[in-house]
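Written below as structure tokens is the structure these notes are about.
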Amino acid sequence: QVQLVESGGGLVQAGDSLRLSCAASGLTFSSSAMGWFRQAPGKEREFVATISWLGTTTYYANSVKGRFTISRDNVKNTVYLQMNSLKPGDTAVYYCAARRSYSSSADQNEYDYWGQGTQVTVSS
């Protein structure tokens, strides 16, 4: 059974930083591309960042480029999202996702497994 468990969310002020973690089990993590997505209240879920199986390729949504960094540790079976210079517009539930492919993707329909999400709230 595949499990993706996110952690690290919380309530912070604008300009602060947070690091989200997603621990994976039940899948061959080292051969799975990973992604982070988010869903704000009243909005559809949107792409944030993705990373290929070796971590050599990453892509970011324009809204987070230069502020967020996705990384992975294939020994710990964990993917991270370092979020700096947070803005109130970053407030959302953040989801980790895995796909049975080496290649990263910004299309949430291409992901096979999802975590339960972790809340990030940024106050002004």
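- In summary, the side chains of Glu6 and Thr118 do not present any donor paired with an acceptor at a separation below 3.5 Å, with no hydrogens or angles considered.
- Shortest non-hydrogen contact noted between Tyr113 and Leu27 is CD1-CD1, 4.4 Å.
- Remark: the Ser17 side chain and the Asn84 side chain contain an N/O donor-acceptor pair separated by less than 3.5 Å.
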Intermediate values then yes/no, side chain to side chain contact (heavy atoms under 4.5 Å, CB included), Ser103 and Ser52: CA-CA 5 Å; Ser103 302; Ser52 60; over 6 Å; no
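- Rounded to the nearest 0.5 angstrom, Leu81 CG and Cys96 SG are separated by 10.0 Å.
- Distance check: Leu4 CG to Thr78 OG1 gives 10.5 Å after rounding to the nearest 0.5 Å.
- Remark: Arg100 fails to qualify as a cation-pi partner of Tyr111 under the 6.0 Å distance and 45° angle criteria applied to the six-membered ring.
- Under the 4.5 Å side-chain criterion, counting only non-hydrogen atoms from C-beta, Ile70 is in contact with Tyr60.
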Intermediate values then yes/no, side chain to side chain contact (heavy atoms under 4.5 Å, CB included), Tyr102 and Ser31: CA-CA 6 Å; Tyr102 294 115; Ser31 60; 3.3 Å; yes
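- Met34 and Ala98 get closest at one heavy-atom pair: SD-CB, 3.4 Å.
- A 4.5 Å side-chain heavy-atom check between Ser101 and Glu110 finds every atom pair outside the cut-off.
- If you check the side chains of Tyr94 and Arg38, you find a donor sitting under 3.5 Å from an acceptor.
- In the hydrophobic clustering of this structure, Phe47 groups with Trp114; members are Ile, Leu, Val, Met, Phe, Trp, Tyr whose side-chain heavy atoms approach within less than 4.5 Å, directly or through other members.
- Residues Phe68 and Val120 share a single hydrophobic cluster, defined by chaining ILVMFWY side chains whose heavy atoms lie under 4.5 Å apart.
- The two residues Pro88 and Ala14 have their closest heavy-atom pair at CD-CB, 4.1 Å.
- For the pair Gln13/Val122, no side-chain contact is recorded, criterion being any heavy-atom separation below 4.5 Å from C-beta on.
- Counted within 6.0 Å of CD on Gln39, heavy atoms from surrounding residues, nucleotides or ligands total more than 12; the atom is thus considered enclosed.
- To the nearest 0.5 Å, atom CZ of residue Arg19 and atom OG of residue Ser7 are 9.0 Å apart.
- Minimum interatomic distance between Ser32 and Thr28 (heavy atoms only, all atoms of both residues): OG-O, 2.9 Å.
- Interatomic distance, Thr91 OG1 to Leu86 CG, rounded to the nearest 0.5 Å: 8.5 Å.
- The side-chain heavy atoms of Phe37 and Thr50, taken from C-beta on, include no pair separated by under 4.5 Å.
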Intermediate values then yes/no, side chain to side chain contact (heavy atoms under 4.5 Å, CB included), Met83 and Val64: CA-CA 8 Å; Met83 305 186 295; Val64 307; over 6 Å; no
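- Residue Trp53 holds its CH2 atom at 13.0 Å from OG of Ser104, rounded to the nearest 0.5 Å.
- Across Trp36 and Leu20, no two heavy atoms sit closer than the pair CH2-CB, 3.7 Å.
- Residues Gln108 and Arg45 have side chains in contact (heavy-atom distance under 4.5 Å, counting atoms from C-beta outward).
- A cation-pi arrangement is not found for Arg72 relative to Tyr80, the charged atom failing to lie both closer than 6.0 Å to the ring centre and inside a 45° cone about the ring normal.
- In this structure, the separation between OG on Ser21 and CG on Asp73 is 10.5 Å, given to the nearest 0.5 Å.
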